[in-house]
Amino acid sequence: EQLFVGDQVLRVTARKEEQIALLRVLGEQEELQVDFWRHPNSPGHPVDLRVPFLNLHGVKKFLESHNFSYSIMIEDVQELLDEEKESMRRSRRVKR
Amino acid sequence: SSRTFDFSSYHTIDEIYDWMDVLVEDHPNLVSKIQIGQSYENRALYVLKFSTGGWKRPAIWLDTGIHSREWITQATGVWTANKIAKEYGQDPSVTAILDSMDIFLEIVTNPDGFAFTHSSNRLWRKTRSLNAGSRCVGVDPNRNWDAGFGGAGSSSNPCSETYHGPHAHSEREVRAIVDFIHAHGNVKSVISIHSYSQMLLFPYGYRREPTPDHQEMNELAKKAVSDLAAVFGTKYTYGSIANTIYMAGGTTIDWAYDNGVKYSFTLELRDSGRYGFLLPSSQIVPTATETWPALLDIMVHVLEHPY
């Protein structure tokens with residue numbers, strides 16, 4: 001089972017076309033394993049990307065060095081997944 | 001039974017498939033389950049058929065879960081199936097639709113991916129087919145259709161989440177729908193449901209030019225998102241895929257439109273702004289509830305505008 005401990009989802013706003021292009025470049029860097037939840041398309045639209053814990057520093061550095069504004073949408077993906085699993089387990093128990 | 005089923009919880013594929021049988025048992029004169037094919041890993045591709053009789057009546061196609069990690073869509077599909085069955089004979093719009101048309105609903109459109117999200121990787125999007133010469137598995141089934149296949153917004157890299165596949169309709173899950181809609185020959189509307197950008201979109205995605213039906217689709221979309229927003233205030237945007245989000249080749253609704261299905265729409269269901277694909281189960285019923293009037297608007301429009 002793949003775990004996502006410490007992975008974060010970042011919400012990035014690109015202000016201009018050049019920044020959209022930069023986000024696409026970020027996505028093409030396979031070693032960073034960025035998973036776009038909302039893809040970069042046009043300026044002003046939020047872009048959501050899940051970043052593995054090990055690559056968080058590098059990705060945030062990239063964003064900051066190119067003056068992106070971003071926020072952390074999900075602090076720890078695994079925590080949410082655990083909650084989801086627990087909720088399903090609870091629901092099944094109640095049913096029985 | 002369908003009365004005790006927990007619509008406010010996420011469910012596995014087995015639970016959903018079992019529940020389909022219960023729905024059929026509860027509404028034997030309205031609902032049937034048909035198998036339109038098998039997935040790459042040989043899971044059944046089931047479609048619920050809502051019909052009050054007749055032979056190949058004009059039909060509306062709905063699908064949820066083509067991107068397996070978008071769990072709110074399969075859950076909305078389950079709720080919607082139940083709603084359609086419950087409202088026939090009660091709600092005048094649903095009754096009028098089903099007295100003249102059939103509705104087909106595929107709830108788990110990408111069963112291998114969905115099963116994989118439950119067993120191994122909750123965030124899996126694609127199918128599970130092996131790609132020759134690559135360590136990466138799966139094809140994006142919403143880039144695999146024969147409409148601008150391989151164009152902008154899709155990738156030729158099997159490791160990408162938007163990998164379009166080796167050729168159009170290479171994925172069994174896609175091919176099954178293509179064959180079904182072609183064989184049926186009287187599908188008037190295709191509504192493909194995704195999450196989580198809060199949008200109602202229509203063709204084209206693979207080209208920027210408006211379709212000949214752009215104005216009508218735009219007006220219908222405007223009404224649908226307005227009625228959706230009236231429920232809980234959730235704001236949707238609307239427009240063509242290419243002009244609202246991005247250019248995307250090989251999508252479901254572009255294929256449908258290019259193959260004569262005029263009323264082709266895709267929905268991007270809600271996010272609270274905090275959870276993305278991990279929308280808590282407490283939001284399933286609110287999401288499905290607000291989506292219903294939008295779906296009904298489209299279905300009623302299809303009924304009232306035969307072509």
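Every chain is numbered from 1 and lettered A, B, ... according to where its sequence line falls, protein lines coming before strand lines.
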Q.
Under a 4.5 Å cutoff for heavy-atom pairs, which residue among A:R38, A:M88, A:Q2 has the most contacts with chain B?
A. A:R38
Q: Count the heavy-atom pairs under 4.5 Å between each of A:L3, A:V9, A:N41 and chain B, then report the option with the highest count.
A: A:N41
Q: With a 4.5 angstrom heavy-atom cut-off, could you sort out which part of A:R11 is near chain B: side chain, backbone, both or neither?
A: side chain
Nearest 0.5 angstrom please: [X] [atom1] to [Y] [atom2], how far?
X     : Y      : atom1 : atom2 : value
A:F4  : B:L278 : CZ    : CG    : 9.0 Å
B:Y10 : A:S87  : OH    : OG    : 8.5 Å
A:E30 : B:C136 : CD    : SG    : 6.5 Å

If I measure from the heavy atoms of chain A, does [X] come under 4.5 Å with its side chain, its backbone, both, or neither?
X      : result
B:D271 : side chain
B:S281 : side chain
B:W71  : side chain
B:S195 : neither

Q. Parallel, tilted or perpendicular: which describes the rings of B:Y246 and A:H39, with under 30° parallel and over 60° perpendicular?
A. perpendicular
Q: Taking all heavy atoms of A:W37 and all of B:Y196, pick out the closest pair and write down the distance.
A: CB-OH, 3.3 Å
Q: Given salt bridge (charged side-chain N to carboxylate O under 4.0 Å, His left out), test B:R69 with A:D35 step by step and report yes or no.
A: CA-CA 13 Å; B:R69 65 188 179 181; A:D35 172 17; 2.8 Å; yes
Q. Chain B contacts: which residues in residues 60-84 of chain A have a non-hydrogen atom closer than 4.5 Å to it?
A. A:M73, A:I74, A:V77, A:L80, A:L81, A:E84
**Q.** B:T162 and A:F36, any side-chain heavy atoms less than 4.5 Å apart
**A.** no
Q: Apply side-chain contact (heavy atoms from CB on, under 4.5 Å) to A:R92 and B:E15, showing your working.
A: CA-CA 10 Å; A:R92 281 199 199 96; B:E15 288 168 347; 2.5 Å; yes
